[in-house]
Amino acid sequence: MEVPNENSEIDVMNHIKEIWTSKPFQLYIPILDLQHIWLLNLIVQLELINLREDSEEKEVKLQEILSELIDFTIEHFSVEEQLFESFNFPETSEHKKQHQKFIFFIEDRVKEKNSKNETDFLEKLINFLKKWLFSHILNEDKKYQKFLQNRNIDAAPVFKKLLNSGETRLSRKQITIYNYVADNSDLIEAREKNETTYIYKLWKTYSLSTDIPILDIQHLWLIKIIVELEQGIQTNDNKKRELQFQKSIYQAIEYSKYHFYTEELIMKEFNYPALDTHVSYHRKFTSFLGFRLKQKKEGIYSAIYGLVSDLKEWLISHIAIEDKKLLSFYKDKEEELSIFIKKMIQENKLQIENEHLRLYANILKKEK
């Protein structure tokens, strides 16, 4: 894949189209083809930034692409798995396992990036995504395409329902690239109509539950902050974008205070062996919030998008990995933990906001 001139958007689009038409990637299922083309676009963008000298601009672009990759896993795997369930695809279990491998890889790379080994991180990420593009899509995804064709199944109504319900998010840019590369204008823009649906998809895709209710309630609220921030900064109104940033970062700061206090209180009570290491992660979170706030006050525009990326990376590098260790540690202490938390709430040392509890209840309803 020879990288085109990064200064020419049309060259990039033509390059994506050339790769897309060089192999039988097309599944003739518009929403899935759009998502695959979007993945191809992200790979090309990663190759372009890999050629750049290290700079703040490179870092911002990398954060943006990582954020898009996280969104890709949430939206694309959700759509595919709904297709499998709708038509009883016989290889559903194996295909889902491959989706999990993709998710685990992204989690590992985000953690590696945060360890500052960025050159190796980028090379691994690009090579993995290329392998996925040329191996998974051309082989594994073709299996369900053939399954549908052999049974004369029309999947269009299922995807139309998804789009009309607002359960699948398509951006204007995704549709523009799809229309150009696939020479197809079947899709119209679909906006997320239900915020809770996207929060739930992110929650499930990255298996963020710790099965410790008070922590899950707090984690879900952070996801809500991220979703609102991401939606709010997409506006063309600079004032609204500024207000959303201010609202979200102060919400995140407030979240860090009560959430870290809760976690550390519980860990100290039960002598959690990795307490010091876990606390150091908390301090890093507080530090990057302060850094983004400082950037914004200095007029650095990229602080807004950097904050989105920082928060998403925290979800999949800390909550999905480090906080999961709490689950195994407290597995045999569930009753003791429950009694302790109730006691702390009764003594007003811990509190749960009603709106946080409502969001948690709505997510639990989707579990049923």
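Not measured: the values here are computed from a predicted model. These numbers come from the heavy atoms of this one structure, side chains and all, not from hydrogens, waters or symmetry mates.
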Residue pairs involving residues 334-353 (criterion ring-ring contact (aromatic ring centres under 6.0 Å, His included); sequence neighbours excluded): F270-F340

Residue pairs passing the side-chain hydrogen bond (donor to acceptor under 3.5 Å, both in side chains) test where at least one lies in residues 351-361, sequence neighbours excluded: W221-H356

Ring pair (Phe, Tyr, Trp, His ring centres under 6.0 Å) partners for F329, two or more places apart: Y272

Salt bridge flag under 4.0 Å for residues K61 and E64: yes

Pair listing, salt bridge (Lys or Arg N to Asp or Glu O under 4.0 Å) test, anchored in residues 278-291, at least two apart: E264-R283

For F128, ring pair (Phe, Tyr, Trp, His ring centres under 6.0 Å) partners two or more places apart: F102, F105

Set of ring pair (Phe, Tyr, Trp, His ring centres under 6.0 Å) partners for Y206, sequence neighbours left out: none

Where at least one partner belongs to residues 206-234, residue pairs that pass salt bridge (Lys or Arg N to Asp or Glu O under 4.0 Å), sequence neighbours excluded: R169-E230, E195-K224, K224-E228, E228-K247, E230-K312

Per-pair distances, 0.1 Å, donor-acceptor, side chain in residues 39-46, under 3.5 Å, sequence neighbours excluded:
from: N41; atom 1: OD1; to: Q45; atom 2: NE2; distance (Å): 3.3

Those residues that, when tested against Y28, pass ring pair (Phe, Tyr, Trp, His ring centres under 6.0 Å) (two or more places apart): none

Results of side chain to side chain donor-acceptor pair (under 3.5 Å) for E313 - residues two or more places apart only: S309

For Y330, all residues meeting side chain to side chain donor-acceptor pair (under 3.5 Å), sequence neighbours excluded: none

Residues which pass side chain to side chain donor-acceptor pair (under 3.5 Å) with K23, listed by chain and number, not counting sequence neighbours: none

